[in-house]
Amino acid sequence: MRRCLLAGLLWLLSLMGSEAQPLPSSPLSINAGAPTSPDIHQGRLVGVVVSSAVFYTATMLLLRKAWYKKRVPFHSFNDNGEWLQMDKVGHAATSYLMSRGGYELFRWTGVNDRAATITGGALALLFQTTLEIFDGTAEGWGFSKGDMLANVAGTALFVGQQYAFGNQLVQLKYGWRKSIYAPYRPNLLGKTTGIQLLKDYNAQQYWLSLNIASTFPVGPSFPRWLNVAVGYSGSGMTGGHENPPYVDAAGKEVKFERRRQFYLSPDADLSRIQAFSPSAQRFIGTAQFFKIAAPSIEYNRINGVRFHAFLVNKD
């Protein structure tokens with residue numbers, strides 16, 4: 001999942017760079033319902049197709065060189081029990097991000113809503129499937145059916161909502177709060193904050209963020225941007241399936257209990273603020289893969305119910 005998340009973040013940065021350019025007034029935001037078919041901007045379309053092909057090729061070559069040096073015959077690998085399934089949720093979230101990003105990028109070129117939806121989903125699956133095939137020929141890894149199922153689920157969440165509702169009632173988002181566990185296995189979980197962002201599953205959170213006004217009957221004065229988010233995370237993990245023994249400097253064995261964490265928190269979909277221009281709405285909608293930090297209620301089997309204001313470290 002770490003390679004997929006890295007590819008997704010690079011994809012997001014490239015999209016934000018493209019969508020920061022001035023947009024025509026005719027294309028509607030992703031949240032504006034099923035739009036009409038505007039004229040295609042040929043120059044933009046050619047630029048997007050070429051840049052997407054270049055980005056795909058360059059990213060795959062970079063990852064192939066960095067992570068897949070030792071190759072073996074194609075084989076499968078069952079990692080469904082690892083990391084309390086945090087990596088599987090991460091696959092789904094990354095596929096959702098790439099589907100939405102591809103959609104927004106092709107809508108920017110003037111492609112109609114349905115074609116942009118299909119193209120965004122297809123691009124996400126192309127990226128993710130290529131990485132899974134790389135895994136299948138890499139020593140120490142393997143093709144994971146669980147990963148592919150999660151990739152399809154994330155893409156289906158975006159595509160299905162876009163077809164059914166013309167907007168995203170529920171969004172998949174990523175959250176991160178520095179954990180206390182990385183120093184115990186820095187080679188696996190990351191020595192620096194930048195590496196921990198990708199490798200420390202204890203620090204990651206994934207959120208399903210539901211827009212209230214688009215789902216429930218509310219009055220005209222209700223804030224259209226207000227969401228409620230349900231989050232999932234894991235904690236106490238210093239290994240994939242189990243934690244290896246660890247002895248501190250004083251010779252005392254340190255043990256952590258692995259546990260699932262569930263959260264409830266307010267959130268915001270800033271792309272629904274009508275004061276923003278269509279250009280800003282599209283840009284904000286793509287960038288909102290990162291959940292806004294907000295107070296939350298947590299439940300886990302060890303600590304029970306806990307309230308968090310704004311956590312600095314996550315345990």
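Bear in mind that the values here come from a model prediction, so they are computed numbers and not experimental data. Only heavy atoms go into these numbers, but all of them, side chains included; no hydrogens, no water, no symmetry mates.
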Point to revise | Worked verdict on Val159 versus Ile118 for side chain to side chain contact (heavy atoms under 4.5 Å, CB included) | key: CA-CA 7 Å; Val159 173; Ile118 294 174; over 6 Å; no
Review point. Under 6.0 Å from the CD atom of Glu242, do we count more than 12 heavy atoms belonging to anything else shown?
Key: no
Practice item. Tell me yes or no: between the side chains of Tyr299 and Gln261, is some donor less than 3.5 Å from an acceptor? Key: no
Exercise for review: Let me see the working for Val305 and Ile297 under side chain to side chain contact (heavy atoms under 4.5 Å, CB included), right down to the final yes or no.
Suggested key: CA-CA 7 Å; Val305 178; Ile297 298 173; 3.8 Å; yes
Check your understanding: Under 3.5 Å, is there a donor-acceptor pair between the side chain of Asn151 and the main chain of Ser95?
Key -> no
Study note, to complete from the structure: In short, Ala268 meets Lys173 closest at the heavy-atom pair O-NZ, 3.1 Å
Point to revise | Tyr68 with Phe74, same ILVMFWY side-chain cluster at under 4.5 Å | key: no
**Study point:** Residue pair Gln288 / Asp269, side-chain donor-acceptor N/O under 3.5 Å
**Key:** yes
Point to revise | Side-chain heavy-atom pair Leu189, Ile195 within 4.5 angstrom cut-off | key: no
Practice item. Show your working on side chain to side chain contact (heavy atoms under 4.5 Å, CB included) between Phe106 and Val48 and close with a plain yes or no. Key: CA-CA 7 Å; Phe106 277 87; Val48 165; 3.7 Å; yes
Check your understanding: Distance-only, no hydrogens or angles: does the Thr59 side chain make a donor-acceptor pair with backbone N or O of Tyr56 under 3.5 Å?
Key -> no
**Study point:** From Leu197 atom CG to Lys178 atom NZ, the distance as rounded to the nearest 0.5 Å
**Key:** 10.5 Å
Study note, to complete from the structure: Members sharing Val247's hydrophobic cluster, built from side-chain contacts under 4.5 Å between Ile, Leu, Val, Met, Phe, Trp and Tyr, are none
Practice item. Determine whether the aromatic ring centres of Phe256 and Tyr184 lie less than 6.0 Å apart. Key: yes
Review point. Taking all non-hydrogen atoms of both residues, which atom of Gly239 and which atom of Leu188 are closest, and how far apart?
Key: CA-CD2, 4.3 Å
Review point. Can you name the closest pair of heavy atoms from Arg107 and Asp113 and give their distance?
Key: CD-CA, 3.8 Å
**Study point:** Check: Asn80 main-chain N/O paired with Gln85 side-chain donor or acceptor under 3.5 Å
**Key:** yes
Check your understanding: For residues Asn202 and Arg258, is any side-chain donor paired with an opposing acceptor at under 3.5 Å?
Key -> no
Review point. What distance do Glu298 atom CD and Asn303 atom CG have between them, rounded to the nearest 0.5 Å?
Key: 6.5 Å
Point to revise | Beyond-backbone contact of Tyr181 with Ser235, side-chain heavy atoms, under 4.5 angstrom | key: yes
Point to revise | Distance in Å, Thr109 OG1 paired with Glu104 CD, rounded so as to fall on 0.5 Å steps | key: 11.5 Å
Review point. Are the charged groups of Asp79 and Lys88 less than 4.0 angstrom apart, N to O?
Key: yes
Practice item. Determine whether more than 12 heavy atoms belonging to other residues, nucleotides or ligands lie under 6.0 Å from atom CZ of Arg306. Key: yes
Exercise for review: Look at the side chain of Arg259 and the backbone N and O of Arg301, then say whether any donor-acceptor pair between them is shorter than 3.5 Å.
Suggested key: no
Check your understanding: Does the ring of Phe134 carry Arg64 above it, NZ/CZ under 6.0 angstrom from centre and within 45° of its axis?
Key -> yes
Review point. Can you tell me if Gln161 uses its side chain to pair, donor with acceptor, with the backbone of Asn167 under 3.5 Å?
Key: no
Review point. How far does CE of Met60 sit from CD1 of Ile133, to the nearest 0.5 angstrom?
Key: 10.5 Å
Point to revise | Hphob cluster co-occupancy, Tyr246 + Ile180, side-chain heavy atoms under 4.5 angstrom | key: yes
Review point. In terms of the angle between their ring planes, are Phe158 and Tyr96 parallel, tilted or perpendicular, with boundaries placed at 30° and 60°?
Key: perpendicular
Point to revise | Any Val152 side-chain heavy atom under 4.5 Å of Leu125 side chain | key: yes
Review point. Is Lys291 close enough and on-axis enough to Trp207, meaning under 6.0 Å and within 45°, for cation-pi?
Key: yes
Point to revise | side-chain contact (heavy atoms from CB on, under 4.5 Å) against Leu61, all qualifying residues, sequence neighbours excluded | key: Thr57
Practice item. Measure the spacing between CG of Asp200 and CZ of Arg185 and express it to the nearest 0.5 Å. Key: 11.5 Å
Practice item. Please name the pair of heavy atoms, one in Leu270 and one in Ile292, separated by the smallest distance, quoted to 0.1 Å. Key: CD1-CD1, 4.1 Å
Check your understanding: Does one side chain, of Gln204 or Arg177, offer a donor that lies under 3.5 Å from an acceptor on the other?
Key -> no
Check your understanding: Taking the six-membered ring where the residue is Trp, are the ring centres of Tyr263 and Tyr232 under 6.0 Å apart?
Key -> no
Study note, to complete from the structure: For Ile40 and Gly110 the tightest heavy-atom approach is CG1-O, 3.7 Å
Review point. So, for Arg224 and Asn211, which heavy atoms are closest and what is the spacing to 0.1 Å?
Key: O-ND2, 2.9 Å
Practice item. Establish, yes or no, whether a centroid distance under 6.0 Å links the rings of Phe127 and Phe55. Key: yes
Practice item. May I ask you to decide if Trp141's main-chain N or O and His75's side chain share a donor-acceptor pair within less than 3.5 Å? Key: yes
Check your understanding: Under a 4.5 Å side-chain heavy-atom rule over Ile, Leu, Val, Met, Phe, Trp and Tyr, are Val46 and Leu105 clustered together?
Key -> no
Check your understanding: Can Gln162 and Thr117 be counted as having a side-chain donor-acceptor contact under 3.5 angstrom?
Key -> no
Check your understanding: Does the side chain of Asn227 reach to within under 4.5 Å of the side chain of Ile212, using non-hydrogen atoms?
Key -> no
Check your understanding: About how many Å separate CG of Leu208 and CG of Leu169, when rounded to the nearest 0.5 Å?
Key -> 12.0 Å
Check your understanding: Are Phe143 and Phe77 near enough that their ring centres are under 6.0 Å apart?
Key -> no
Review point. Going hydrophobic residue to hydrophobic residue with side-chain gaps under 4.5 angstrom, can you get from Met148 over to Leu123?
Key: no
**Study point:** Within one Ile-Leu-Val-Met-Phe-Trp-Tyr cluster: Phe290 and Val89, side-chain cutoff 4.5 Å
**Key:** yes
**Study point:** Side-chain (Asn78) to main-chain (Ser144) donor-acceptor, under 3.5 angstrom
**Key:** no
Exercise for review: Give a yes or no on whether the backbone of Pro295 and the side-chain of Ser265 come within a donor-acceptor separation of less than 3.5 Å.
Suggested key: yes
Review point. After noting the C-alpha distance and the side-chain angles of Ser214 and Gln168, does the key distance pass the side chain to side chain contact (heavy atoms under 4.5 Å, CB included) rule?
Key: CA-CA 9 Å; Ser214 297; Gln168 299 294 295; over 6 Å; no
Exercise for review: Answer yes or no: is there a side-chain heavy-atom contact under 4.5 Å between Leu84 and Met237?
Suggested key: yes
